[in-house]
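Letters A, B, ... are given to chains in the order of the sequence lines, protein chains preceding strands, and every chain is numbered from 1.
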Amino acid sequence: MTISATSQDSNNTQSPLILVDGSSYLFRAYHVPYLQALSTADGQPTGAITGVLNMFRSLKKDYPNGNIIAIFDAKGKTFRNDMYPEYKANRPPMPDDLRTQIAPIHEIITAMGLPLLVIPGVEADDVIGTLARQADELGIETVISTGDKDMAQLVTQHVRLINTMTDVEMDVAGVSEKFGVRPDQIIDYLALMGDKVDNIPGVVKCGPKTAVKWLAEHGTMQEVIANADKVKGKIGENLRDALEQLPLSYQLATIKCDVELEQTAGELAASEPDVDALAELYQKFELKRLLADLGKGDSGTSTTGAAKKSKKAKATNANDSSNLAGEQVVEIKAVEVEETQYDIILDKALFEQWLKKLQTCEAFAFDTETTSVHYMKAEIVGVSFAIEVGKAAYVPLTHDYVDAPEQLDKDWVLAQLKPLLESKTIKKIGQNLKYDANVLSHYDITLQGIDFDTMIESYCYNSVATRHNMDALALKYLDYQTVHFEDVAGKGAKQLTFNQIEIEKAGHYAAEDADITLRLHHAIFPALEQTASMLSVFNEIEMPLLPVLARMEQTGVLIDSDILAEQSFTLGQRLDELEIEAHNLAGKSFNLASPKQLQQILFEELQIPVIKKTPKGAPSTAEEVLQELALDYPLPKVILENRGLSKLKSTYTDKLPLMVSDKTGRLHTSYHQAVTATGRLSSTDPNLQNIPIRSEQGRKIRQAFIAPKDHKIVAIDYSQIELRIMAHLSNDKGLVTAFSEGKDIHKATAAEIFAVELDEVTTDQRRSAKAINFGLIYGMSAFGLAKQLHIGRQQAQEYQDKYFQRYPGVLTYMEDTRQQASEQGYVETLYGRRLYLPDINAKNGMRKKAAERAAINAPMQGTAADIIKKAMLAVDHWLLEQNDDRIKMTMQVHDELIFEIHQDIVEETTAKLVELMNNAVELSVPLIAESGIGDNWDEAH
DNA sequence: AACAATCCATA
DNA sequence: GTATGGATTGTTT
């Protein structure tokens with residue numbers, strides 16, 4: 001069969017028929033993580049609704065003339081179940097939180113005026129197949145929108161598939177290219193392979209490759225069956241074993257194309273949308289975007305939606321306990337995008353005019369444009385400002401493309417701006433100002449008056465919303481689509497740096513950045529202010545911390561690249577040896593780093609028993625599994641050593657030296673202040689918070705973190721901070737006393753649980769107690785504890801019961817936390833940082849349990865984060881007072897601060913720093929910081 | 001080039 | 001069982 005050249009002879013004047021596989025949309029939308037958190041204020045999940053409707057919308061955009069028909073599966077069994085009772089028997093039941101979204105979707109689609117087909121007794125596929133067949137016969141161009149590959153059998157000269165996610169269309173040639181067989185061979189192909197998910201039997205070990213090979217040879221499954229005795233080897237046996245089953249598989253894989261329908265493909269057509277019904281439904285399910293768009297009117301109708309929206313968008317009080325989902329509604333002040341006036345400043349006169357306004361204003365938003373996203377490499381290209389909403393200016397400085405207009409002198413402009421930027425009284429508003437502060441510091445400007453950072457505002461307001469970049473914020477809080485950096489600079493290898501971008505284009509982008517930042521501040525800050533605790537975390541912790549982090553990043557840390565290079569070499573040698581050994585043991589050469597190849601070798605070729613599976617169902621080759629297998633087999637042991645060493649080499653010894661700045665000869669990480677849900681910092685480029693410590697080899701890497709000449713590395717960490725916080729929060733008498741008396745807490749716990757004297761506690765008992773203590777912090781279950789300690793579930797339960805019996809305050813605290821989380825939808829740290837838990841009342845038990853564990857952990861982890869942040873503020877304050885460049889704070893690793901201190905003053909300075917950290921906050925138990933001093937980070941521990 | 005899956009480093 | 005970032009392989013834009 002060849003692709004017909006006559007496909008043009010179809011009736012082009014008729015609008016194409018678009019058949020939508022609604023059920024495939026539904027499942028896909030349901031599994032999009034970003035959408036899973038969505039729900040209405042009263043807890044009805046809306047993620048799948050939103051996702052499905054978005055997909056319909058994009059379909060409409062792609063096929064403006066399309067005649068869209070929606071087809072969904074009906075409830076209950078189908079004729080395939082009668083044929084084969086095991087059909088789809090492996091499918092888990094539909095989750096409740098998906099089920100409840102189906103009816104709304106149907107209602108909305110109907111209100112949109114689209115024909116909706118839900119036919120019992122058959123699957124959506126069969127309805128689609130029937131319509132596609134009819135359309136094909138009528139010569140109507142048809143597009144089937146689905147994620148299901150099985151539908152490839154329906155493709156003809158007039159019928160194509162489109163994968164909505166990838167927007168890839170597949171015609172006859174496309175099917176052949178993709179699958180290696182023609183559309184009319186797809187059923188044969190599917191039948192031979194079988195389908196695990198749908199529980200369709202096929203030929204064992206026959207995958208796509210084999211099926212294609214056979215069909216290329218014989219054309220159809222019937223012919224393959226007829227020639228079954230000629231196939232050699234194991235796979236030939238498998239084929240012959242499957243002969244009886246294959247006709248059934250063929251039937252099951254065949255989409256039924258003669259379902260009886262009330263209307264034919266030629267008759268079905270959309271009707272006018274019922275705008276009022278839509279507005280009501282969108283409002284009911286709080287679909288803000290859709291409601292807004294309804295007002296804008298693709299159909300040019302009514303403004304009902306928009307009017308309702310402005311009434312509805314009244315700020316929800318953050319204390320409102322009905323708001324359980326963590327989804328917050330903010331009053332949107334600047335919904336209408338008014339006239340904007342963006343100045344591009346190329347002459348002195350206009351610049352001075354702006355300068356005057358800036359000098360006399362209370363606060364302004366500003367943004368720097370640079371050549372790089374890395375603060376150490378970035379050079380300023382221009383700066384932008386906004387004082388009032390809608391009016392912004394961009395001052396280009398160093399655009400240097402061919403024919404770039406003459407620009408104001410960079411040094412002169414920065415000199416003019418310096419007093420302004422360094423003023424503590426004129427407030428600055430920005431988005432991620434730490435970056436701007438770092439860049440400006442390279443121009444001898446110390447940014448001050450950093451009062452409002454919209455990224456931090458958004459983070460304090462809701463830390464669970466993972467993205468706090470400007471584009472996301474503008475969309476969320478202003479319902480405004482910004483110009484993206486990639487829109488002006490391109491992306492990938494061809495991306496331009498900002499200095500290469502035309503001033504006109506760059507100016508609009510940059511000025512908009514400043515303008516939007518200002519608007520965001522006006523949108524988010526008032527909402528943040530409504531909750532005193534959130535405001536205080538913002539004002540007392542996060543904003544003051546920003547310049548402290550900037551200073552630490554600027555300072556960087558010193559590493560000895562030679563030590564690392566040497567270690568890389570040694571590691572490389574050992575890795576080569578291990579590779580040879582592994583290949584010998586396996587009897588063939590393979591990639592040690594590939595879990596997939598390793599699975600094959602271990603579990604298929606060597607027939608080693610499978611102990612655990614990955615979440616996706618493949619046999620796991622994770623460390624704990626190999627650890628266990630290593631007892632009985634040689635290969636896993638080699639793999640384990642290889643894994644450990646290659647991780648060290650690629651992530652640390654090879655990589656770190658490459659990241660040393662040529663400007664300073666030091667390593668400069670980026671601390672992220674708006675990433676974690678719990679309030680911790682995170683670190684990237686490089687991540688200094690996961691430098692190895694546990695293994696002997698790993699500690700060598702810490703030895704490369706050295707002090708400069710005449711200096712020492714001082715590491716000070718909080719001892720048992722999270723358990724101390726648990727003691728404080730729970731106010732459990734026994735726990736508080738144990739800490740107050742300065743006891744070894746794990747030992748004390750062991751004495752209580754195992755009912756022995758303190759000095760009779762064995763190492764084993766202490767280890768168990770330690771696991772229990774850690775487990776408590778993680779919201780552990782008896783099941784988890786059992787796994788950790790390799791003991792039975794019952795015994796783990798006994799330990800846990802005993803613990804709660806001895807420390808009843810902890811039990812009460814855990815129960816209260818869970819209840820509080822469930823009632824208010826969030827938990828708080830000691831200092832008021834709030835963590836929303838959208839899943840806390842989820843119908844899905846797993847997700848609910850996970851949210852409960854997070855609810856237990858967050859106050860402890862988050863309070864620890866608050867405390868060390870406060871300590872950093874205290875330390876930084878003291879350092880500024882000292883104004884002594886022999887002392888530098890260089891790193892933060894969650895419960896540890898690392899310093900570089902001149903040897904002459906190291907003892908007394910360390911004592912002072914420990915004192916500052918100990919007194920960072922007042923708890924009902926002592927807060928203990930422990931210090932270590934050495935020539936490198938390893939020694940300092 | 002971008003993304004998922006898997007594994008592993010830290011607190 | 002909590003919270004992260006990153007390297008690798010393997011698949012698909």
Open item on the list: Base, sugar-phosphate or nothing for A:F774? Non-hydrogen atoms, less than 4.0 Å.
Closed with: nothing

TODO: Quick one: label A:R853 by what it contacts on the DNA or RNA (base, sugar-phosphate, nothing), any heavy atom closer than 4.0 Å.
DONE: sugar-phosphate

- [ ] Look at the side chain of A:Q689 and the base of C:dT4, then say whether one donor and one acceptor between them are separated by less than 3.5 Å.
- [x] no

- [ ] Rounded to the nearest angstrom, tell me the gap between atom CH2 in A:W937 and atom P in B:dA9.
- [x] 15 Å

TODO: Provide, to the nearest angstrom, the distance between the NE2 atom belonging to A:H894 and the C1' atom belonging to C:dT2.
DONE: 12 Å

- [ ] Output, in order, the C-alpha distance, side-chain angles, deciding distance and verdict of side chain to side chain donor-acceptor pair (under 3.5 Å) for A:H468 and A:Q673.
- [x] CA-CA 10 Å; A:H468 305 278; A:Q673 214 181 339; over 6 Å; no

Open item on the list: Closest approach to the side chain of A:N591, judged atom by atom: which nucleotide of C:dT8, C:dT9, C:dT11 is it?
Closed with: C:dT9

Open item on the list: In whole Å, I'd like the distance from the OH atom of A:Y671 to the P atom of B:dA11.
Closed with: 13 Å

Task: Donor-acceptor pair (no angle test) under 3.5 Å: A:R680 side chain, B:dA11 base - done: yes

Task: Derivation of the ring-ring contact (aromatic ring centres under 6.0 Å, His included) call for A:Y803 and A:Y799 - done: CA-CA 6 Å; A:Y803 182 97; A:Y799 285 1; over 10 Å; no

Open item on the list: Within the 4.0 Å heavy-atom criterion, would you say A:L688 contacts the bases, only the backbone, or no part of the nucleic acid?
Closed with: nothing

- [ ] Can you figure out which of C:dG5, C:dG10, C:dT2 approaches the side chain of A:Y778 most closely?
- [x] C:dT2

Open item on the list: Whole angstroms only, please: what is the CZ-C1' distance between A:F590 and C:dG10?
Closed with: 17 Å

Task: Partners passing salt bridge (charged side-chain N to carboxylate O under 4.0 Å, His left out) against A:R574 (at least two apart in sequence or in another chain) - done: A:E577, A:E641

Open item on the list: Of the options C:dG10, B:dT10, C:dG6, whose atoms approach the side-chain atoms of A:P692 most closely?
Closed with: B:dT10

Open item on the list: Rounded to whole Å, please give me the gap between CZ in A:F705 and P in B:dT10.
Closed with: 13 Å

Open item on the list: Around atom CZ of A:R766, are there more than 12 heavy atoms from other residues, nucleotides or ligands closer than 6.0 Å?
Closed with: yes

Open item on the list: Within a 6.0 Å radius of atom CD on A:E628, are there more than 12 heavy atoms belonging to other residues, nucleotides or ligands?
Closed with: no

Task: Closest to side chain of A:D685, choosing from B:dT10, C:dG6, C:dT2 - done: C:dG6

Open item on the list: Categorize A:S683 for me: base, sugar-phosphate, or nothing, with a 4.0 angstrom heavy-atom threshold over every strand shown.
Closed with: sugar-phosphate

- [ ] Sequence neighbours left out, what passes salt bridge (charged side-chain N to carboxylate O under 4.0 Å, His left out) with A:D654? Give chain and number order.
- [x] A:K649

- [ ] Describe the nucleic acid contact of A:L648 in one word from base, sugar-phosphate, nothing, applying a heavy-atom distance below 4.0 Å.
- [x] nothing

Open item on the list: Using the side-chain heavy atoms of A:V675, tell me which of these nucleotides is nearest: B:dA11, C:dG5, C:dT2.
Closed with: C:dG5

- [ ] Calculate the interatomic distance between A:M891 atom CE and B:dA11 atom P; express it in whole Å.
- [x] 12 Å

TODO: With heavy atoms under 4.0 Å as the rule, sort A:D717 into base, sugar-phosphate or nothing.
DONE: nothing

- [ ] Please tell me which of the listed nucleotides, B:dC7, B:dA11, C:dG10, lies nearest to the side chain of A:K596?
- [x] C:dG10

Open item on the list: Measuring from the side chain of A:T651 (C-beta onward, heavy atoms only), which nucleotide among C:dA7, C:dT9, C:dG5 has the closest atom?
Closed with: C:dA7

- [ ] Please report, rounded to the nearest Å, how far the C1' atom of C:dT4 is from the CD atom of A:Q892.
- [x] 12 Å

Task: side-chain N/O A:S646 vs C:dA7 OP1/OP2, d < 4.0 Å - done: no

- [ ] Kindly say if A:T678 contacts the phosphate of C:dT2, meaning a side-chain N or O under 4.0 Å from OP1 or OP2.
- [x] no

TODO: Answer with base, sugar-phosphate or nothing: what part of the nucleic acid does A:A865 contact at a heavy-atom distance below 4.0 Å?
DONE: nothing

Task: Distance test, side-chain N/O of A:T676 to OP1/OP2 of C:dA3, below 4.0 Å - done: no

- [ ] Round to the nearest Å and state the distance from A:L681 atom CG to C:dG5 atom C1'.
- [x] 14 Å

Task: Donor-acceptor pair, side chain of A:Y459 and main chain of A:T676, under 3.5 angstrom - done: yes

TODO: For A:H672 and A:S683, indicate whether the former's side chain and the latter's backbone hold a donor-acceptor pair under 3.5 Å.
DONE: no

Task: Short side-chain N/O contact to C:dG6 OP1/OP2 from A:K655, under 4.0 Å - done: no

Open item on the list: Just to be sure I understand the rule, does A:E623 reach a base, reach only the sugar-phosphate, or reach nothing, if contact means heavy atoms closer than 4.0 Å?
Closed with: sugar-phosphate

Open item on the list: Students often get this wrong, so: under 4.0 angstrom with heavy atoms, is A:Q597 touching a base, only sugar-phosphate, or nothing?
Closed with: sugar-phosphate

TODO: May I ask you to say what A:S650 touches in the nucleic acid, namely base, sugar-phosphate or nothing, with a heavy-atom cut-off under 4.0 Å?
DONE: sugar-phosphate

Open item on the list: Can you tell me if A:R694 touches the phosphate of B:dA9, counting only side-chain N or O atoms and a distance under 4.0 Å to OP1 or OP2?
Closed with: no

TODO: Describe the nucleic acid contact of A:N690 in one word from base, sugar-phosphate, nothing, applying a heavy-atom distance below 4.0 Å.
DONE: base

Open item on the list: Classify A:K849 by what it touches in the nucleic acid, base, sugar-phosphate, or nothing, heavy-atom distance under 4.0 Å.
Closed with: nothing

